[in-house]
Trainee: 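Okay, here's the structure, questions in a sec.
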Amino acid sequence: MRREASVLHLDLDAFFAAVEQRDKPSLRGRPVVVGGTGGRGVVATASYEARAYGARSAMSTAEARRRCPPGTAFLGGRFGAYRRTSDVVMELLRELSPLVEPVSIDEAYVDLAAGPGHDLSVDGVTALARRLKERIAAATGGVTGSVGIGSSKLMAKIASDLDKPDGLVVVAPGTELDVLHPLPVTRLGGVGPATAERLRQVGVATVAHLAAKSLPDLVALAGRAHGTGLYQLARAEDERPVVAEREAKSVSQESTFERDLTDVAELNRLIDAMAGRVGSRLRGSALSGRTVTLKLRRYDFTTITRSQTLPQPTDDPRQVASIARRLLAEAGTGGGLRLLGVGVSGLSQYAQGDLFAGEDTAPEEGGDDVVEGPAEPEPPPDRRWWPGQDVVHDELGPGWVWGRGLGRVTVRFEGPRTPPGPVRTLAADDPALHPGDPPDWRPATMEP
């Protein structure tokens, strides 16, 4: 345990939805749900206005539609826009310390003790965090983040979640257990639904209840590694360092379909495309892997995985595709598939495959291990557009897709620097309508 509160955790608030509301002024203050927009979609992020109606991450989009009122915006993700905003935030964090550990696109730890002469008193880090939050809001066009600071990663992360959104909590050294013990045990990392249910059955509802259990009891309940970890966390014992570079464990690509797919030839074509993207990302990172995994979700929502481990690592998309095709043949497609994914794990900086094989696909933008999106080839004209997509019209200018269907596409023409804009319905194959780039949210004085 550190003697001062010098670990900072930043969690951007409802990040994807916040970026959408920033770039789409007509959505500010309204419920927004970002994720898969089809019948099989899953919510990635819900704005706080949508959360008030019960929408939340990992919920099916269909359930979120049932809960949210008419007029709620259901949008597909714009990962380019999110990545650009995240990069701005991460650079601000790196000005505080060379030790910044991104956990995801919207979350990171910072080791303030490694920074340039920060005042690490409670008052000092509180003032630092206030300045950081102001700078983030100014640099991102109003996106907010919640900051927690404590003597360990555990306490910093717990603190950042205590006063969301736009919160700031500093856990003073020596008060860790006072903060931790009243909380539900589910607030500890690693306590998922299954573990929580086992703990409930033995009378454990809070972290204080967990701390009252002996180490042998927890090992018997959850296994040696997990039980020992729970025992330590319940006592605020966490010596994990902030690591600037996190080693990737896997690279994968998956797609959720709007209709169940059964055609093996079509699924094999999708496997080839996914393997190509996975191979490109491996080579772009100078990585290779030994284990190829195929992920399937069947018509009844049963999810299964099949894997094969190679004697030597590879980054060859042809070899990855060949193995994934064989795994699909073994698993079968009975009843139809809702989701298909291809991944490579067991990564290293070495490849045994053909070092001179040609690249069939370009590396994909973004750094998320899993990218979800429509994957069916040759869509009809109205399927070329998806809700939330940035577009530009030769005469009407830039805007975004509000809806589509029946050969038409509805576009709202506005941007982060404009007032709410007009809505126009166009033919889906209008030659004047084109995909656009994410808009620039910065004031003109901040442009390069």
Side-chain angles (χ1 to χ4, degrees), residues 1-12 86 89-90 92-116 118 120 122 124-125 128-129 132 145-162 164 167-181 183-192 195-196 199 206-208 210-211 213 215 218-219 221-250 345-347 367-369:
M1 296 290 294
R2 300 185 181 203
R3 295 182 178 179
E4 62 278 316
S6 59
V7 179
L8 180 149
H9 181 259
L10 171 70
D11 189 3
L12 297 174
S86 174
V89 174
M90 296 302 168
L92 292 176
L93 297 182
R94 292 187 181 97
E95 292 180 14
L96 298 178
S97 172
L99 291 183
V100 175
E101 181 179 340
V103 179
S104 64
I105 195 171
D106 60 348
E107 182 182 356
Y109 292 100
V110 183
D111 188 342
L112 298 176
H118 296 306
L120 299 181
V122 170
V125 296
L128 178 150
L132 172 66
S146 295
V147 173
I149 303 178
S151 55
S152 65
K153 280 184 169 181
L154 167 67
M155 295 312 304
K157 183 171 177 60
I158 290 287
S160 69
D161 196 44
L162 289 177
K164 292 184 72 70
L168 167 55
V169 175
V170 177
V171 179
T175 68
E176 289 87 356
L177 297 184
D178 296 333
V179 172
L180 195 59
H181 279 185
L183 297 176
V185 71
T186 50
R187 299 289 281 273
L188 294 177
V191 180
T195 300
L199 291 172
T206 68
V207 180
L210 184 66
K213 294 293 182 182
L215 178 58
L218 292 178
V219 168
L221 182 73
R224 179 168 298 279
H226 197 189
T228 301
L230 292 175
Y231 181 85
Q232 294 171 337
L233 293 179
R235 290 158 177 77
E237 297 174 3
D238 180 16
E239 297 182 354
R240 294 172 297 159
V242 177
V243 181
E245 297 296 331
R246 300 175 70 242
E247 182 179 358
K249 296 181 179 180
S250 66
S345 59
L347 303 182
D368 296 316
D369 281 350

Trainee: Measuring from Lys157:NZ to Leu188:CG, what's the distance to the nearest 0.5 Å?
Mentor: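 The distance works out to 11.5 Å.
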Trainee: A side-chain contact here means heavy atoms from C-beta on lying under 4.5 Å apart; do Ser146 and Val169 qualify?
Mentor: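 Side chain of Ser146 against side chain of Val169, heavy atoms only: no contact under 4.5 Å found.
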Trainee: Measuring only between side-chain heavy atoms, which start at C-beta, is Met155 closer than 4.5 Å to Val7?
Mentor: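 No, every pair of side-chain atoms sits at 4.5 Å or beyond.
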Trainee: Can any side-chain N or O of Ser345 pair as donor or acceptor with the backbone N or O of Ser250 at less than 3.5 Å?
Mentor: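 Judged by distance alone, no pair lies under 3.5 Å.
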Trainee: For Val191 and Leu233, run side-chain contact (heavy atoms from CB on, under 4.5 Å): C-alpha distance rounded to whole Å, both residues' side-chain angles, the deciding distance at 0.1 Å, then the answer.
Mentor: CA-CA 11 Å; Val191 180; Leu233 293 179; over 6 Å; no
Trainee: Might you point out which heavy atoms bring Leu215 and Gly227 nearest each other, and give the distance in Å?
Mentor: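 Reported closest heavy-atom pair: CD1-O, 4.3 Å.
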Trainee: With side chains defined as the heavy atoms from C-beta onward, is the minimum distance between Leu230 and Leu221 less than 4.5 Å?
Mentor: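 Leu230 does not reach Leu221 side chain to side chain.
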Trainee: Do Val207 and Arg187 have side chains that approach each other closer than 4.5 Å (heavy atoms only, starting at C-beta)?
Mentor: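 No - every pair of side-chain heavy atoms lies 4.5 Å or more apart.
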Trainee: Does a side-chain heavy-atom distance below 4.5 Å link Leu132 with Leu93?
Mentor: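 Contact flag for Leu132/Leu93 side chains = yes.
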Trainee: Spell out, as yes or no, whether a donor-acceptor pair under 3.5 Å connects the side chain of Ser97 to the backbone of Val110.
Mentor: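 No, because the side chain of Ser97 does not come within donor-acceptor range (under 3.5 Å) of the backbone of Val110.
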Trainee: Given side chains that start at C-beta, do those of Val125 and Leu8 come closer than 4.5 Å, heavy atoms only?
Mentor: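 When only atoms from C-beta onward are counted, Leu8 and Val125 do not touch, as no gap falls below 4.5 Å.
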Trainee: Do you know the tightest heavy-atom contact between Leu183 and Val179?
Mentor: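 It is CG-O, 3.5 Å.
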Trainee: Using the side chain to side chain donor-acceptor pair (under 3.5 Å) rule, collect all pairs that involve residues 147-156, keeping only residues at least two apart or in two chains.
Mentor: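 Listed by first then second residue: Glu101-Lys153, Ser151-Glu176.
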Trainee: Is Leu218 close to Leu210 at the side-chain level, that is, under 4.5 Å between some pair of heavy atoms?
Mentor: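 Result yes, sub-4.5 Å side-chain heavy-atom pair found.
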Trainee: Nearest 0.5 Å, what's the NE2-CG distance between His9 and Asp161?
Mentor: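 The NE2 atom of His9 sits 9.0 Å away from the CG atom of Asp161.
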Trainee: Could you give the distance from CG (Leu168) to CG (Leu10), rounded to the nearest 0.5 Å?
Mentor: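 Going from CG on Leu168 over to CG on Leu10, the span is 11.0 Å.
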Trainee: So which atom in Ala234 and which in His181 form the shortest heavy-atom distance, rounded to 0.1 Å?
Mentor: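 Shortest heavy-atom separation between Ala234 and His181 comes out as O-NE2, 3.0 Å.
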Trainee: Looking only at non-hydrogen atoms, find the nearest pair between Ala159 and Gly148 and report the distance.
Mentor: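 For Ala159 versus Gly148, the nearest heavy atoms are CB-CA, 3.6 Å.
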Trainee: How would you list all residue pairs meeting side chain to side chain donor-acceptor pair (under 3.5 Å) that involve residues 226-236, not counting sequence neighbours?
Mentor: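 Counting only pairs at least two positions apart or across chains, no side chain to side chain donor-acceptor pair (under 3.5 Å) contact touches residues 226-236.
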Trainee: To the nearest 0.5 Å, what is the distance between CD (Glu237) and CG (Leu154)?
Mentor: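 Glu237 CD to Leu154 CG: 10.5 Å, rounded to 0.5 Å.
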Trainee: Any sub-3.5 Å donor-acceptor pair from His118's side-chain atoms to Ser6's backbone N or O?
Mentor: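 Here the side-chain-to-backbone pair does not exist.
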Trainee: Mind listing the closest non-hydrogen atom pair of Ala236 and Leu177 along with its distance?
Mentor: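 Ala236 and Leu177 have their closest heavy atoms at CB-CD2, 3.9 Å.
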Trainee: Report, as yes or no, whether the 6.0 Å neighbourhood of atom CZ on Arg224 holds more than 12 heavy atoms from other residues, nucleotides or ligands.
Mentor: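 Incorrect, the count does not exceed 12.
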Trainee: To check you understand the geometry: which heavy-atom pair defines the closest contact between Val171 and Ala5, and what is its length?
Mentor: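 For Val171 versus Ala5, the nearest heavy atoms are O-CB, 3.7 Å.
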Trainee: Report yes or no: does Asp111 contribute a side-chain atom to a donor-acceptor pair with the main-chain N or O of Val242 at less than 3.5 Å?
Mentor: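 No, because the side chain of Asp111 does not come within donor-acceptor range (under 3.5 Å) of the backbone of Val242.
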